[in-house]
**Student:** 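Structure incoming, see below.
Just so it is clear: chains get the letters A, B, ... in the order the sequence lines come, proteins before strands, and each one is counted from 1.
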4 protein chains.
Amino acid sequence: MTEQLDRRQALVHAAFSAIAEHGFEGFRLRPIAAAAGIDHSTLHHYFRTKADLIAAVLEHVTSQFEATMHNDLEPAARLRQHLNEIATAVVVRPELFVVLDELDLRARRDKSTEVDIDHDEQGWRDALAAIFNEGIEQHVWSMNLNVAASVELVIATVKGIRLRPDKAESVVNQLCDLFSPERLTHA
Amino acid sequence: MTEQLDRRQALVHAAFSAIAEHGFEGFRLRPIAAAAGIDHSTLHHYFRTKADLIAAVLEHVTSQFEATMHNDLEPAARLRQHLNEIATAVVVRPELFVVLDELDLRARRDKSTEVDIDHDEQGWRDALAAIFNEGIEQHVWSMNLNVAASVELVIATVKGIRLRPDKAESVVNQLCDLFSPERLTHA
Amino acid sequence: MTEQLDRRQALVHAAFSAIAEHGFEGFRLRPIAAAAGIDHSTLHHYFRTKADLIAAVLEHVTSQFEATMHNDLEPAARLRQHLNEIATAVVVRPELFVVLDELDLRARRDKSTEVDIDHDEQGWRDALAAIFNEGIEQHVWSMNLNVAASVELVIATVKGIRLRPDKAESVVNQLCDLFSPERLTHA
Amino acid sequence: MTEQLDRRQALVHAAFSAIAEHGFEGFRLRPIAAAAGIDHSTLHHYFRTKADLIAAVLEHVTSQFEATMHNDLEPAARLRQHLNEIATAVVVRPELFVVLDELDLRARRDKSTEVDIDHDEQGWRDALAAIFNEGIEQHVWSMNLNVAASVELVIATVKGIRLRPDKAESVVNQLCDLFSPERLTHA
DNA sequence: AATGAATGAGACTTCATTCAT
DNA sequence: TATGAATGAAGTCTCATTCAT
């Protein structure tokens, strides 16, 4: 019973690693089955098609990003904390972000991938907007701060460093500095 | 005489479009040849291998980004101008950025792609650094501004909006605002 | 169950016939698969590569030459009997020898073919040496007979008639006559 | 003018070497042209088809075997001398015999190759028969000697050692010994 | 649930040859 | 004579998927 789940998990993990290493361009089912120790036709009992397996990988990836916002912190600190956690993750688990990038690119051609990613991103978007709105309320940031644009800027920046673990920390720090209250509120 | 060049060009263009539309995952040579109106074996007369054709596409793409910095402008305006041009390009020619993203991802597995991209990026990096350094000299920005980190932030942000033409303008504007002198220098 | 073996067998036979008819120069996989009544990609299910199929053909051929020495006969008669059997085989199943010749030639470029053939030949060589040695012991042949050279002479002669079924009988008879006791022992 | 002949020669030599090294299985025109320093389509000005080039190679090979019988020697010595020269040639120029073997095998499928080889072999056959006949006349060998069979035995033996330079000398010596007068005439 | 056999589409690449220049 | 472009047939091999066991 859990055997079945374990097999599925093993397949998803193997697929995840394969995508991280070779991208979708080189993503083949046979090696995945082999890595899970089963015959390649048995794989189809767990995932009817290749697309199904990819969907499961996407779900696996997004599930790793359950928002871990620290609502007890003040807005600016919360933003900094959040970005630092991401920067750390990029360094510690680079494959996660590589696969996410592959999926992002793939979403352009695959509607269902796009939907899943969009849904996931919306949660993130909302959480970021909450930070900025709260910060404006608390006069941490000026009323003139464009919340929507700021949210997108943060998101774009994070996406832009997904492939550059070595630059992650300095980039998020620089972004936080630019958003730091002492500068913006005095404007 | 130029017939020959035209054929090559036609193949590169067809390949470019195919990658833009289907990514490398679905990149096949036969349709490329067909799009250029030649037999698929004739394609190998121009590009011995698939990799050779991809290299030509990469060159084609990077050649579109010959630095168009406006050195007559003051630093902050130059940065804004530069980013606005990129934002416009993302809207006007989104495929260019999609393909660039595909290549960026591919560079992780293909050494020669990586080298070419790195070389191209270095030019961009240098130009951005020049802007910030000049700005600091002219007291547009504080001496405390971390130039390297700022450069990487700009690059990351641009990479992060490559797939989102709809957000490009507001994101680069927001970034420019954060870098705008009146805020930073008074800090 | 034996279906599977039959398929393999059928492929090996088809390959054997194709080599006999067209040599390795014209040896193509698609017709082999067609002759066995299967899709050409299914062939790869049984033999991963062309070389694997060729190895199977080689094995098939050598297995047809299981030594059939008649140890109950006296040495000279044994030699004659052995050579006559070969001469008959050359006439009755010429393709077997043609393919063997192709493989011999191929062994020059293919190490693994060479190893297999050498192994097979060694058995033959030993059996022939046994005949001559025994004959010398029994004073059928003079002590001065060069066993090693005689063995190689027999082998060379047999190889030399593989392509000439029409000459096989007279050649082996002539060789036997030269080795006939009444001539050699009186020397 | 001789330029043209030189080119042809160069192509034939290159083809000869290629066949010696890779056999007909791996015989391709492009490398031949390259080895002769010309474009692969230019090759077709000298040899309209691949078969034409092969025919030229065959001619080149057979021309190397102009009978060099030493008619001043007595029959037995002439045979020995002839076989020794062949044994030496097998050691000194093994490629010549390798290519000859390839051609022999090919003759089974290519009528024109067969004709050329047969014609060449007939000359050799006649020369050998002359030796044996003369020997019988001079009472070197018994009247009972089967001339035709002896000729074929010699030919078969030589063909059988073409691929074994290391065994050539001992084999021809052994054959000569068996044909040596002191043994046969006393029978 | 699991497998090995089978399939058919299709991948990239190479070849001998011809044609126009 | 020489060449580069072009062709089309064919090469080996791989893939995702289905089917019978």
Side-chain angles (χ1 to χ4, degrees), chain A residues 1 3-4 6-8 25-33 36-54, chain B residues 1 3-8 11 25-33 36-54, chain C residues 1 3-8 11 25-34 36-54, chain D residues 1 3-4 7-8 25-33 36-54:
Chain A
M1 191 176 302
E3 164 87 14
Q4 175 186 162
D6 289 352
R7 272 297 162 80
R8 273 186 74 95
E25 188 183 352
F27 183 52
R28 303 287 181 268
L29 293 189
R30 253 177 253 243
I32 305 304
I38 62 175
D39 187 272
H40 66 92
S41 36
T42 304
L43 182 149
H44 289 277
H45 282 283
Y46 295 93
F47 301 97
R48 219 167 52 70
T49 72
K50 190 178 189 177
D52 289 346
L53 175 55
I54 292 175
Chain B
M1 193 179 300
E3 167 86 15
Q4 165 187 173
L5 276 174
D6 289 351
R7 277 292 165 86
R8 273 188 74 97
L11 286 168
E25 186 183 354
F27 184 52
R28 303 289 180 264
L29 294 188
R30 247 180 259 243
I32 305 304
I38 62 174
D39 187 271
H40 77 269
S41 51
T42 303
L43 181 151
H44 287 279
H45 185 68
Y46 295 94
F47 301 97
R48 225 164 47 70
T49 70
K50 191 180 189 177
D52 288 347
L53 176 54
I54 292 176
Chain C
M1 193 179 299
E3 168 85 16
Q4 165 190 171
L5 276 174
D6 289 352
R7 275 294 165 86
R8 271 187 76 97
L11 287 167
E25 185 184 354
F27 184 51
R28 303 290 181 261
L29 294 188
R30 247 181 256 245
I32 304 304
I38 63 174
D39 188 89
H40 70 94
S41 50
T42 303
L43 181 151
H44 288 279
H45 184 66
Y46 295 95
F47 301 98
R48 224 164 47 70
T49 70
K50 190 181 187 176
D52 288 347
L53 176 56
I54 291 175
Chain D
M1 193 176 300
E3 165 86 16
Q4 175 186 161
R7 273 295 163 81
R8 272 186 72 96
E25 188 183 352
F27 183 52
R28 303 286 181 268
L29 293 189
R30 254 175 252 242
I32 305 304
I38 62 175
D39 187 272
H40 65 92
S41 37
T42 304
L43 181 149
H44 289 277
H45 283 283
Y46 295 94
F47 300 98
R48 217 167 53 70
T49 72
K50 192 180 187 177
D52 290 345
L53 175 55
I54 291 175

**Student:** Provide, to the nearest angstrom, the distance between the CZ atom belonging to B/R7 and the P atom belonging to F/dT7.
**Tutor:** 6 Å
**Student:** Taking atom types as they are modelled, is there a donor-acceptor pair under 3.5 Å from the base of E/dA1 to the side chain of A/H45?
**Tutor:**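 There is none.
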**Student:** Could you check if a side-chain atom of D/L29 sits within less than 4.5 angstrom of a side-chain atom of D/K50, using non-hydrogen atoms only?
**Tutor:**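 Yes - at least one pair of side-chain heavy atoms lies under 4.5 Å apart.
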**Student:** Figure out the CD/P separation between B/E25 and F/dA16, and round it to whole Å.
**Tutor:**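 To the nearest whole Å, that distance equals 10 Å.
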**Student:** Would you say C/L11 and C/I38 make side-chain contact, with heavy atoms under 4.5 Å?
**Tutor:**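 Sidechains of C/I38 and C/L11: in contact.
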**Student:** Where the side chain of A/R7 meets the backbone of A/Y46, is there a donor-acceptor pair that is under 3.5 Å apart?
**Tutor:**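 Absent.
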**Student:** Less than 4.5 Å apart, side chain to side chain, heavy atoms only: is that true for A/E25 and B/F27?
**Tutor:**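 A side-chain contact is absent here, since even the closest heavy-atom pair is not under 4.5 Å.
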**Student:** Kindly express the pairing pattern of DNA chain E in dot-bracket notation, using | wherever a base pairs with another strand and counting only Watson-Crick or G-U pairs under 3.5 Å.
**Tutor:** .||||||||||||||||||||
**Student:** Using atom CG of B/L29 as one end and atom C1' of E/dG10 as the other, report the distance to the nearest whole Å.
**Tutor:**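 From B/L29 CG to E/dG10 C1': 12 Å.
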**Student:** Between A/R48 and F/dA16, is there a contact of a side-chain N or O with OP1 or OP2 at under 4.0 Å?
**Tutor:**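 The answer is no; no side-chain N or O of A/R48 sits under 4.0 Å from OP1 or OP2.
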**Student:** Map B/F47 and C/G37 onto DNA chain E by nearest heavy atom, then report which one ends up closer to the 5' terminus.
**Tutor:** C/G37
**Student:** Rounded to whole Å, please give me the gap between NE2 in C/H44 and C1' in F/dC13.
**Tutor:** 5 Å
**Student:** Grab the N/O contacts between the protein and nucleotides 8-10 of chain F below 3.5 Å, and write none if there aren't any.
**Tutor:**
{"unit_1": "F/dG8", "atom_1": "N7", "unit_2": "B/D39", "atom_2": "OD1", "d": "3.3"}
{"unit_1": "F/dG8", "atom_1": "N7", "unit_2": "B/S41", "atom_2": "OG", "d": "2.5"}
{"unit_1": "F/dG8", "atom_1": "O6", "unit_2": "B/S41", "atom_2": "OG", "d": "3.1"}

**Student:** Figure out the CG/P separation between C/L53 and F/dT12, and round it to whole Å.
**Tutor:** 10 Å
